[in-house]
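These numbers come from the heavy atoms of this one structure, side chains and all, not from hydrogens, waters or symmetry mates.
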Amino acid sequence: MSPDATLLEWAILHGARVNGLKIAEDWNGERGIYAPRDLHARELCVAVPRQLVVTDADARTRHAAVRRAVRADAQLRPEHQLMLQMAPD
């Protein structure tokens with residue numbers, strides 16, 4: 001299983017809901033979340049429970065490795081925030 005599929009499976013197992021989206025690489029090799037089909041107005045595409053969301057502040061206080069690596073004033077990229085939840089303390 002790919003790392004993207006593993007992350008998505010883990011998130012769903014822990015309460016996330018994903019509808020009509022997939023993780024894929026674009027032409028430039030950047031990973032992102034894409035809609036492989038047309039989405040309807042106001043259609044719920046993704047719901048992430050609060051316990052899976054990791055903010056910059058959460059990462060700095062909950063993960064020792066992140067505290068050591070990230071300066072106090074640095075901003076984490078949004079795509080790293082969910083992945084940090086899986087990092088060991």
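- We find the CG-CG distance between L21 and N19 to be 7.5 Å, quoted to the nearest 0.5 Å.
- Considering only residues two or more places apart in sequence or on other chains, D38 meets the side-chain contact (heavy atoms from CB on, under 4.5 Å) condition with none of them.
- Counting heavy atoms from C-beta outward, V18 and C45 have side chains that stay 4.5 Å or more apart.
- Here the CD atom belonging to E43 is positioned 4.5 Å from the CZ atom belonging to R37, to the nearest 0.5 angstrom.
- Residues E9 and I12 are not in side-chain contact: their nearest non-hydrogen atoms beyond the backbone lie 4.5 Å or more apart.
- Distance check: R31 CZ to I23 CD1 gives 6.5 Å after rounding to the nearest 0.5 Å.
- Rounding to the nearest 0.5 Å gives a distance of 5.0 Å between CG of L44 and CZ of R17.
- Closest of all the heavy-atom pairs between G20 and P36 is O-CD, 3.3 Å.
- Pairs of residues two or more places apart, or lying in two chains, never qualify as ring-ring contact (aromatic ring centres under 6.0 Å, His included) while including a residue from residues 24-47.
- When atom types are taken as modelled, the side chain of N28 and the backbone of E30 share no donor-acceptor pair closer than 3.5 angstrom.
- In I33, the CD1 atom is not crowded: 12 or fewer heavy atoms of neighbouring residues, nucleotides or ligands sit closer than 6.0 Å.
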